[in-house]
Peer 1: 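Pasting a structure here, questions to come.
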Number of protein chains: 2
Amino acid sequence: MKSGKVSPLAPESFPDLPPIPGIRLGAVAAEIRYRGRDDLMLAGFDPGATVAGVLTRSGAASAPVTWCRERLAAGRAGALVVNAGNANAFTGETGHRDVRSTCEGVAEALGCDVDTVFVASTGVIGEFLPMERLLAALPDAVAGLGDHWERAARAIMTTDTFAKGATRSARIGETSVRINGFAKGSGMIEPNMATMLAFLFTDAAIPGDLLQTMLTAANAESFNAITVDSDTSTSDTCLLFASGAAGNAPPTAVDDPALAGFREALAELMQDLAIQVVRDGEGAEKLIEVRVTGAESDAAAKVAAKSIANSPLVKTAVAGEDANWGRVVMAVGKSGVAFRQEDLGVAFGGVTIARHGSRVEDYDESRVTAHLKGREILIEADLSAGPGRARVWTCDLTHGYIAINADYRS
Amino acid sequence: MKSGKVSPLAPESFPDLPPIPGIRLGAVAAEIRYRGRDDLMLAGFDPGATVAGVLTRSGAASAPVTWCRERLAAGRAGALVVNAGNANAFTGETGHRDVRSTCEGVAEALGCDVDTVFVASTGVIGEFLPMERLLAALPDAVAGLGDHWERAARAIMTTDTFAKGATRSARIGETSVRINGFAKGSGMIEPNMATMLAFLFTDAAIPGDLLQTMLTAANAESFNAITVDSDTSTSDTCLLFASGAAGNAPPTAVDDPALAGFREALAELMQDLAIQVVRDGEGAEKLIEVRVTGAESDAAAKVAAKSIANSPLVKTAVAGEDANWGRVVMAVGKSGVAFRQEDLGVAFGGVTIARHGSRVEDYDESRVTAHLKGREILIEADLSAGPGRARVWTCDLTHGYIAINADYRS
């Protein structure tokens, strides 16, 4: 973890996360890589908890990702263990053995089935986990389980400059339920199916398959709609655990009207956390929201929006507070999505710059420049080619990104 | 154009380009955007010259690109006119009218058919050309036509820190022919079908269709194999003009053995210029060659190589001289090409770091670190999944890139 300043885009403080019945968590210092800080997080679930997850699509997925993928279908969760400082990625057979040893250690300490233990690791690629120190830390981690949300969120940080948490409540039928979540991620962020690491917890009683459908849908418009640097991690993991302790009548179908409120709360919470990840983008000074409308489909709109959000020239222009809207035209042009140049419109901060393929006559650059001096930037492109729309979030590309990544071995 | 220092990767000097019979060229200061420097380049071809070209695939292609695309099929060339400082891109009907006026002015001044005039523009997107100044400069440009290769190469520069030229000779049958070329480009460089701007000239007599076939093939392994920042320009243009003045027996088929030497010389010259563009990548301190072997196909190898070459985390690691090879694993993983993680090998500077999916036992990081302190970096990845191979060139990502692009309106 970098010492040094907190992102200027950080929220004022970590939110107050309430207890979630049926779920206890905490963290300890295992000296995986860092010294003098928590770097091992553990969560234990009461019997009967369900789980859903989305995982990186990287062809070089880490050993923990492979472990989780093989156990998600069963939908049952007993525990979650996460370390920071070492990704246990590209570690071959040793990596897989270390995952199993870790999960066996947790299962034994908590008295749950090893195949209900989920695991995630984040940090350096290509190095083996220090298994002795990790296993030696487990008894203290178990002994310390409780309602330690912020401490858990801090323990999984790497280059993050602040801990990212969020909470929502909803009703399922007459029963009030809670969802807490926390995430980490700052660089190597263009999640493909999931963010770096995000963990969500609820006391709702929801079968694993329904949980999975809702998680996948909400993921598309949250963690899969952000990018810091276009680099998809080997370790992206987003897991949602449901303890069932709220005692609501379990829904049987995903279109059950009783689930509408929960679905909305989940989507909100995930978007909240995803944007916090962008706010902590390495070197970020500005949060950029890209909205594309008028594409042939929502998928095409997302391709165009990602092309804008990943363009180093767009991101440096925002860093320089330069109203260089031609770079947005360039980025839409290179994206490969269908549109006619003579229909393209571009706006920054709600100020229309171009319409129908050329600059508007009364374009007032000073208003755009004023918008660009702020912390939250809105870039809009309208393709006039169909009903497709997408929103994507990113951050600017600054000297800070270079400084962090030319030094830090992550 | 940035004042300030020349790229540390620049060649010692501009090469000595010989005259090419049948081709005269020069440059003047038209004050398109810059003051006190040439910014308008003109070339005139004797009657009978042929032309081939590859152009950007951007959906927001500039007006000059559209003009050239419509006239390449005929394969006849009378003149070439190029301005720097304004891309005439995203300029709607006005842009198309301005291209026609420019070409009409050139055709009239040189006495050639307007539809044999080729045109390219590079610079700011979305602004109209100052047509009065441009047209007023044409008579001086015509009067000054001669063998002014370096002056022509300098006139088309924007953020370039040095002029890029190359020359080769070859034999077609018994006849000796020459090829000269120059290029510009520094940012917004991930050519898709062509580079930013590259112009190639030969006195060989070669029909336009054969010229086109050879150009397209050589382009795939030169301008289409480089990337500075993953941003494909609206203006990428590579044109090859053949005056025929050498008087060789015109070949009738592209597989004519008499063309072998010319084809090789053309490929060499284009690769030379393409690498010079990377050497002038905005902020570049190191030239990076990425070689991928063992992919399912050459196309898959190029996708993986581009994924490595475009990764901000790989490029910043090289900038920081950090042997962070895990980022190469990440970049191959996110590329989507087929490979098994347990077969992947990675080497830096010829030093094998990982083989068969994990780090080699006797890995000596100090040798890799020593290699990374140099100016020319070699990154190799072997996928062991087939015979496909590709080479791609890029540069590191430094504070210089941020400084240039957060300030410069290009």
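From a predicted model like this one, the values you see are computed outputs, not experimental measurements. Scope of the values below: all heavy atoms of this structure, side chains included, with no hydrogens, waters or symmetry mates. Naming convention: chains lettered A, B, ... in sequence-line order (proteins, then strands); numbering from 1 in each chain.
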Peer 1: Top residue by heavy-atom pair count (under 4.5 Å) with chain B, among A:V314, A:V329, A:T94, A:T234?
Peer 2: A:V329

Peer 1: How long is the gap from CE on B:M330 to OG on A:S62, to the nearest 0.5 Å?
Peer 2: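 Spacing of CE (B:M330) from OG (A:S62) equals 14.0 Å.
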
Peer 1: Heavy-atom pairs under 4.5 Å with chain B: which of A:S358, A:G336, A:G357 has the most?
Peer 2: A:G357

Peer 1: Would you check if B:K334 and A:R57 make a side-chain contact, meaning some heavy-atom pair closer than 4.5 Å?
Peer 2: no

Peer 1: Hey, which of A:A317, A:A331, A:G59 has the most heavy atom pairs under 4.5 Å with chain B?
Peer 2: A:G59

Peer 1: Looking at B:A319, B:G333, B:G326, which has the largest count of heavy-atom pairs under 4.5 Å with chain A?
Peer 2: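 Option with the greatest count: B:G333.
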
Peer 1: If I compare all heavy atoms of A:Y401 with all of B:P312, which pair ends up nearest, and what's the gap?
Peer 2: OH-CB, 3.4 Å

Peer 1: Supply the atom-to-atom distance B:H399 NE2 to A:I402 CD1, rounded to the nearest 0.5 angstrom.
Peer 2: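 The CD1 atom of A:I402 is 6.5 Å from NE2 of B:H399, to the nearest 0.5 Å.
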
Peer 1: Might you point out which heavy atoms bring B:L313 and A:E282 nearest each other, and give the distance in Å?
Peer 2: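 Closest heavy-atom pair between B:L313 and A:E282: CD2-OE1, 4.5 Å.
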
Peer 1: With heavy-atom distances below 4.5 Å as the criterion, would you say the side chains of B:I125 and A:R327 are in contact?
Peer 2: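 Contact flag for B:I125/A:R327 side chains = no.
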
Peer 1: If only atom types and distance count, is the side chain of B:Q341 paired as donor or acceptor with the main-chain N or O of A:A61 below 3.5 Å?
Peer 2: yes

Peer 1: Identify which part of B:L344 has an atom lying under 4.5 Å from any heavy atom of chain A, answering side chain, backbone, both or neither.
Peer 2: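 For B:L344, the contact with chain A is made by backbone and side chain together.
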
Peer 1: About how many Å separate CD of B:E93 and NE2 of A:H356, when rounded to the nearest 0.5 Å?
Peer 2: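 Atom-to-atom, A:H356:NE2 and B:E93:CD are 14.0 Å apart.
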
Peer 1: Given heavy-atom pairs under 4.5 angstrom as the criterion, report whether the side chain, backbone, both or neither of B:T398 touches chain A.
Peer 2: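 For B:T398, backbone heavy atoms alone lie under 4.5 Å from chain A.
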
Peer 1: Suppose we screen for ring-ring contact (aromatic ring centres under 6.0 Å, His included). Which residues come up paired with A:F90, at least two apart in sequence or across chains?
Peer 2: B:W325

Peer 1: Is there a side-chain contact between B:R359 and A:E127 (heavy atoms, below 4.5 Å)?
Peer 2: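 Yes - at least one pair of side-chain heavy atoms lies under 4.5 Å apart.
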
Peer 1: Using non-hydrogen atoms and a 4.5 Å limit, figure out which bit of B:V332 sits close to chain A: side chain, backbone, both or neither.
Peer 2: neither

